Number of protein chains: 2
Amino acid sequence: MKITRKGEYAMRALVDLALHYKKGMRQIQDIVREEDIPEKFLEQILLALKNAGFVESKRGVGGGYFLSNPPDKILLGDVIRLIDGPLAPLDCVSKTKHVKCPKEITCGIHSVMLDVSNATAEILDHVTLADVCNRTKGMAERRAEHQMYYI
Amino acid sequence: MKITRKGEYAMRALVDLALHYKKGMRQIQDIVREEDIPEKFLEQILLALKNAGFVESKRGVGGGYFLSNPPDKILLGDVIRLIDGPLAPLDCVSKTKHVKCPKEITCGIHSVMLDVSNATAEILDHVTLADVCNRTKGMAERRAEHQMYYI
DNA sequence: GAAATTTCCGATTTGACATATAGGAATACT
DNA sequence: AGTATTCCTATATGTCAAATCGGAAATTTC
Ligand code: FES
Ligand code: FES
């Protein structure tokens, strides 16, 4: 699983929306300013996220985007699967797999990559947008504490 | 970390060499026949593996390739890093990283991806070529047992 | 020492895909 | 009507994966 810019932008945008959950609409421009993402590219991404049901939107003046569900109900793994495809590092390990290795049934490499794939999914399918926000907050606080020693 | 064909071929070739460790030279043609890999492509790959010290070679009649070290001393993680680059799913998490997220220092996504990266490395930096061979053997045996019920 | 075999090495090709950008249509508010 | 905002499709651009080509260098064999 390689996470592309598109996937990274999608996650960053969703985290941004999570931080503003239940605080009204959030417009593309707002997210662009906050996250430094190419506007037209983000437009495409939000559209995909909308079609997949992660976010909803409203057009016209005062419109914008907002999460369809609470941040603690959105798994990072699902976002990545939508934007960047399977979590598995090798196609032969993912569901929509093509047989590539001539001896797949007894392929040790396949077996190892299955382990990797499961370990990755185990993490990404348990981390929610809310968790990401909390991590960010925790890191910022711990950093602030450290700063205090130098005041 | 996305594993490319090149990386997959590299691993398959090394496993093939591991299975013939201390049994003399193994020529490109032999590996091609056994593993169904494009010959000229495999040539490039073996050359890279040789320059990195994983294999050694001998030219001319009766020449070929062989592992520089015993199969239980070669880690899958090192092979993948050489051929396909960092194990991390995002560049900002790898050593040779470029700052991409504007708030990297307190980025929750970064933190999660670091976990993923570490989990992946934990597996791939403990699996050797010998382990892969054993897994293959184990799978084949278990499969053979199953077959017996149908005889 | 000529011929056959095998690895070594750089250049080139091809197609796919990542990363956008452009331009306008549709919708909603004032 | 006019403005703001999302929606949608098409197009451009560059990079890289995946291979192919052609010959040079080394080694053995005869
Ligand atoms: S089955 Fe995927 S590498 Fe063998
Ligand atoms: S630091 Fe990599 S996504 Fe934020």
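What you are looking at is a predicted structure, and each value in this text was computed from that prediction instead of being measured. Residue numbers start from 1 in every chain, and the chains themselves are labelled A, B, ... in the order their sequence lines are given, proteins ahead of strands. Atoms considered below: every heavy atom in the structure, side chains included; atoms not considered: hydrogens, waters and symmetry mates.
Note: CZ (R5(B)) to C1' (dA16(C)) measures 12 Å, nearest angstrom. Note: CD1 (I83(A)) to C1' (dT19(C)) measures 14 Å, nearest angstrom. For the pair E56(B) CD and dC8(C) P, the interatomic distance rounds to 11 Å; values are reported in whole Å. With rounding to whole Å, L47(A) atom CG is found 18 Å from dA20(C) atom P. A straight line from NZ of K40(B) to C1' of dT12(C) spans 13 Å, rounded to a whole angstrom. Between K6(B) atom NZ and dA16(C) atom P there is a gap of 20 Å when expressed in whole angstrom units. If you measure from atom NZ of K50(B) to atom P of dT6(C), you get 17 Å, rounded to the nearest angstrom. Put simply, CZ on F41(B) is 17 Å from C1' on dC8(C), counting in whole angstrom units.
Each end of the helix from dG1(C)-dC30(D) to dT30(C)-dA1(D) gets its own rotation axis from five pairs of C1' atoms, and the angle between them is 10° to the nearest 10 degrees.
Side chain of D72(B) to backbone of A130(B): no donor-acceptor contact under 3.5 angstrom is found. At distances below 3.5 Å, not a single donor-acceptor pair connects side-chain atoms of T136(B) with backbone N or O atoms of C107(A). Here the side chain of T120(B) pairs no donor or acceptor atom with the backbone of L87(B) at under 3.5 angstrom.
With DNA chain C read from its 5' end, the first of the two nearest nucleotides for R59(B) and G60(A) is the one closest to R59(B). Comparing Y65(B) and Q44(B) along DNA chain C, the residue whose closest nucleotide (by nearest heavy atom) sits nearer the 5' end is Y65(B). Nearest-nucleotide positions on DNA chain D for V61(A) and L46(A) put V61(A) closer to the 5' end.
A side chain to side chain contact (heavy atoms under 4.5 Å, CB included) with T106(A) is found for one member of R135(B), R142(B), R143(B), K137(B) and no other, namely R143(B). Applying side chain to side chain contact (heavy atoms under 4.5 Å, CB included) to M25(A) and the options K58(A), H20(A), E56(A) leaves one that passes, K58(A).
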Is there a side chain to side chain contact (heavy atoms under 4.5 Å, CB included) between I28(B) and I31(B) once you walk through the steps? CA-CA 5 Å; I28(B) 285 186; I31(B) 304 176; 5.8 Å; no
Stepwise side chain to side chain contact (heavy atoms under 4.5 Å, CB included) test for L76(B) and I123(B): CA-CA 9 Å; L76(B) 225 48; I123(B) 295 175; over 6 Å; no
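Using a cut-off of 4.0 Å between Lys/Arg side-chain N and Asp/Glu carboxylate O, R26(B) and D16(B) are scored as salt-bridged. The existence of a salt bridge linking E34(A) and R12(A) is excluded, since no basic side-chain nitrogen approaches an acidic carboxylate oxygen closer than 4.0 Å.
Read 5' to 3', the first and last nucleotides of DNA chain D with an atom closer than 4.0 Å to a heavy atom of chain A are dT3(D) to dA10(D).
One finds a side-chain N or O of K58(A) lying less than 4.0 angstrom from the OP1 or OP2 phosphate oxygen of dC29(C). Contact between the side-chain N/O atoms of T4(A) and the OP1/OP2 oxygens of dT19(C) is found at a separation under 4.0 Å.
In this structure, the ring of F41(B) has its center less than 6.0 angstrom from the ring center of Y9(B).
Defined by atom type and a distance below 3.5 Å, a donor-acceptor pair is missing between the side-chain atoms of D91(B) and S94(B).
In this structure, A121(B) and R81(B) approach most closely via the heavy-atom pair CB-NH2, 4.1 Å.
For the contact set between residues 7-34 of chain A and DNA chain D, defined by any heavy atom under 4.0 Å, the members are Q27(A), I28(A).
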